[in-house]
Amino acid sequence: DHTLLKEKGGHSDAKTKPHTLATVFQHDYLFSAYMAHLFQEFSIDLIEWVQFKDLLRQRYSDKIKQGEIKFGEGLLYLQNIPKSNIVYGTMSKEEKQNITNISVFQFRHKAMQLYAKYIPLDGEFTVNISNNCRRNLESVINNPNSFRGDDSDAILLFTLFDQCIDEVYTLQEDDSFTRFRRSEVYQALIRRHGISDSMS
């Protein structure tokens, strides 16, 4: 529920609790600063994967329940979030007006584009994931029997990048976000908004 999420991650909480990566994903001013930090490190993969999952969830709401996105749910409610061209850029006017017009084959094509962009070692923006994660995803993508060609594929597509999301989110939290919390930009923001955030 959008309202519930806003209440849970609202600005009243922001002034009393130390920030985590999850809470940064719920506040526009912190997210904008963090995105500027990430763009310097070319780490926008998580956004595209979460938006892909969300569009699938909207299209197949009878098969995929709300609350199924483990990491990055807060990203979906920010005003300044960049929209993935892979996920949204190729949608027709009719598809934007009625997402039930998007077929499972089109979602599979979007998944293949996201895979080609981030997963192969020679990809455009290869992500830092484990060899096990990369091999697992490759085995699904390259197996012609992975997909049945009907709406049941929506469930597989929805979970396709979950291990990648888990690893990238953890890496961001331990690496990129740690550097961001130490940055002058972040320190200035928390002072401006009266946030207490100990760097213990």
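Everything quoted here is computed from the prediction, not taken from an experiment. Just so you know, these numbers use all the heavy atoms, side chains as well, and skip hydrogens, waters and symmetry mates.
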[X] and [Y]: which non-hydrogen atoms are nearest, and at how many Å?
X: Ala154; Y: Val104; answer: N-CG2, 4.0 Å
X: Ala111; Y: Phe52; answer: CB-CZ, 3.7 Å
X: Thr126; Y: Pro120; answer: OG1-O, 2.7 Å

Could you list the residues that satisfy side-chain hydrogen bond (donor to acceptor under 3.5 Å, both in side chains) with [X], not counting sequence neighbours?
X: Thr100; value: Asn98
X: Asn101; value: none
X: Thr159; value: none
X: Ser152; value: Asp150

Keeping [X] on the side-chain end and [Y] on the backbone end, is there a donor-acceptor pair under 3.5 Å?
X: Asn136; Y: Asn132; value: yes
X: Glu167; Y: Ser130; value: yes
X: Asn143; Y: Ser139; value: no
X: Arg134; Y: Ile119; value: yes

Mind checking side-chain contact (heavy atoms from CB on, under 4.5 Å) for [X] and listing every partner two or more places apart, or none if nothing turns up?
X: Leu156; value: Val140, Ser146, Phe147
X: Gln113; value: Ile86, His109
X: Ala22; value: Thr20, Tyr169
X: Asp62; value: Tyr60

Within the 4.5 Å heavy-atom criterion, are [X] and [Y] side-chain neighbours or not?
X: Lys63; Y: Phe158; value: no
X: Tyr118; Y: Trp49; value: yes
X: Asp162; Y: Asp166; value: no

Practice problem: For residues 101-117, pull every pair meeting salt bridge (Lys or Arg N to Asp or Glu O under 4.0 Å), keeping only residues two or more places apart or in separate chains. | Solution: Glu48-Lys117

Quiz item: Is there any salt bridge (Lys or Arg N to Asp or Glu O under 4.0 Å) pair reaching into residues 82-95, and which pairs are they, with sequence neighbours excluded?
Solution: none

Separation of [Y] [atom2] from [X] [atom1] (nearest 0.5 Å):
X: Phe107; Y: Leu157; atom1: CZ; atom2: CG; answer: 8.5 Å
X: Gln106; Y: Ser92; atom1: CD; atom2: OG; answer: 7.5 Å
X: Lys53; Y: Leu160; atom1: NZ; atom2: CG; answer: 9.0 Å
X: Ser84; Y: Leu55; atom1: OG; atom2: CG; answer: 10.0 Å
X: Ile155; Y: Ile64; atom1: CD1; atom2: CD1; answer: 4.5 Å

Quiz prompt | hydrophobic_cluster_shared for Leu171 and Phe161, side chain cutoff 4.5 Å | solution = no

Quiz prompt | Residues forming a salt bridge (charged side-chain N to carboxylate O under 4.0 Å, His left out) with Asp151, sequence neighbours excluded | solution = none

Self-check item: By salt bridge (charged side-chain N to carboxylate O under 4.0 Å, His left out) - contacts of Asp54 (at least two apart)
Solution: Arg57

